[in-house]
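Within every chain, numbering begins at 1; the chains are lettered A, B, ... in the order of the sequence lines, protein sequences first and strands thereafter.
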Amino acid sequence: MATNSTNLGFRQVSVILRGEPEPINHWIRQWDAGRIVLYLTVIVVGTGLYGAAVGSWRDPQQAVYTAFKFPLIILLTMLGNGLLNGMLAPLLGLDASFRQSLQAILMSFVIVGAILGSFSPVFFFLIWNAPPMTARLTGVYYFIQLADVLVVAFAGVAANLRLAQLLRRLSGNVNVSRRVLCAWLAGNLLLGSQLGWILRPFIGSPTLPVEFLRKNAFDGNFFESVFHSLNQLFS
Amino acid sequence: MNDANPTPPGKWPEFAAPAPGSNPPPPVIPPTSSKLGDNESERKPISGLVEAVEAILRQPRRVMFQLMQPGPGGLIAALLGIAVISSLIYGIVVGTFSGEEQIWAAPLKIVAGLFISALICLPSLYIFSCLGGSQARLVEVFGLVAGLLALMTVLLIGFAPVAWVFS
């Protein structure tokens, strides 16, 4: 029976990727510690491998740092917003408990982890074929950056499409599911972007030393930087 | 579709009926799509390299069905063996263009290039197939990739004489 999670083991991940309604609806209503450990493992390993691939261009040490930082951002964003998301769901009309909300978000991050993990060999190969990072930022640097953004964006879009389907099934109402999804996304964007800002660098800069946290990590914030860039662009 | 087709087979509805004296309508071709394994020939196991080559060229559905059966290791090994042997042969033909050490280097590089690229792309291929709703297991996807490599390299063998003429 597909709904029996203990028999499925790691194949639960492929069920989540396919968005199969019956087993997912069953899992979301039942809290299972083993399943949560599996989800966390997929997230940590998948995003960690991808982070290592991205960081390996600058330095092996940067690869290790990014392998820790990427899963850390995902987990901290999820936990930091967990309470808020759990409260927003019933407030916006979704009859889901705190645990169910957390599981729904965890499942969407499992998709992100699986996609990024599967892309990590491709990204390692890309980095392996790229010329070494030089002090002058060349087209290769922007290409790697763009490839990184595209892969992460694809993983995010795929995960949110599945999350939207799940919310639609749970709520039985398209408007409610849209409201909840938008509220969750807004919260995750707010916290996730700032955590990303604090825990930078990911690819690393050729002119700066490799370090886990920059000395000025807590100076300024992501949105201030975006505002400053826009101001520079249009002034 | 819950309701029965109101138009009997072979008869045209009034609005679409051909004009009197015109050519008769073309015969209705029944849909050929069927489930894997519905055909008796697809259920026949594949054994040996020669039979695997024939199956991948003539009956790809048979290969797909056999990959879905328990214990597809033998078939996958056969497909990989075909890919290795065929790409080695094609590599020797390509290597004759430069001669000397390319005679042995080109075949090895072609085999390594094909297999490394397949291995790099295998995880994302499996994840994409899951996202697309496919029920295929990882071993089945691996077998299909092996089948793809086998078919590709067998076709390369077919082109080998042409490549040799130009070398």
Side-chain angles (χ1 to χ4, degrees), chain A residues 2 7-24 42-43 45-50 52-53 107-129 147 150-166, chain B residues 33 35-37 63-73 75-76 79-80 83-84 87 91 94 105-106 108-149 152-153:
Chain A
N7 289 344
L8 273 174
F10 196 77
R11 274 166 52 206
Q12 285 176 66
V13 178
S14 57
V15 172
I16 294 171
L17 285 166
R18 281 192 290 269
E20 288 180 23
E22 198 191 323
I24 290 176
V42 173
I43 293 169
V45 172
T47 54
L49 282 175
Y50 183 77
M107 282 181 181
S108 74
F109 278 122
V110 164
I111 295 174
V112 170
I115 293 176
L116 291 182
S118 75
F119 266 106
S120 59
V122 181
F123 220 89
F124 263 121
F125 190 71
L126 193 75
I127 296 286
W128 185 51
N129 283 277
L150 286 176
V151 171
V152 174
F154 171 76
V157 168
N160 280 300
L161 283 175
R162 286 280 182 257
L163 182 61
Q165 287 173 355
L166 176 61
Chain B
S33 61
K35 279 175 69 179
L36 275 178
V63 177
M64 285 166 71
F65 178 77
Q66 294 301 330
L67 286 171
M68 288 165 69
Q69 303 312 305
L75 177 58
I76 293 173
L79 292 169
L80 290 175
V84 170
S87 48
V94 171
L108 290 182
K109 281 194 267 188
I110 287 178
V111 172
L114 276 174
F115 280 80
I116 290 171
S117 54
L119 280 178
I120 287 173
C121 295
L122 182 68
S124 46
L125 179 66
Y126 173 66
I127 296 294
F128 272 107
S129 70
C130 286
L131 281 173
S134 164
Q135 296 284 340
R137 293 171 297 145
L138 182 60
V139 69
E140 289 167 23
V141 176
F142 183 68
L144 288 174
V145 171
L148 170 82
L149 288 178
M152 196 166 68
T153 51

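- Only the side chain of A:Ile111 comes within less than 4.5 Å of a heavy atom in chain B; its backbone stays farther off.
- The line from CD1 of B:Ile127 to CZ of A:Phe119 is 10.0 Å long, rounded to the nearest 0.5 Å.
- With a 4.5 angstrom heavy-atom cutoff, A:Phe154 touches chain B only via side-chain atoms.
- Atom CD1 in A:Ile115 sits 10.5 Å away from atom OG in B:Ser124 (nearest 0.5 Å).
- Surrounding CZ of A:Phe124 are more than 12 heavy atoms belonging to other residues, nucleotides or ligands, all under 6.0 Å away.
- To the nearest 0.5 Å, atom OH of residue B:Tyr126 and atom OG of residue A:Ser14 are 4.0 Å apart.
- With sequence neighbours left out, the salt bridge (charged side-chain N to carboxylate O under 4.0 Å, His left out) criterion links A:Arg18 to A:Glu20.
- Partners of B:Leu36 according to the side chain to side chain contact (heavy atoms under 4.5 Å, CB included) rule, which considers only residues two or more places apart in sequence or in another chain, are B:Glu42, B:Arg61, B:Met64, B:Phe65, B:Met68.
- In terms of non-hydrogen atom pairs under 4.5 Å with chain A, the most contact-rich of B:Pro123, B:Gly133, B:Cys130 is B:Cys130.
- Only the backbone of B:Ser134 comes within contact range of chain A, with heavy atoms under 4.5 Å apart.
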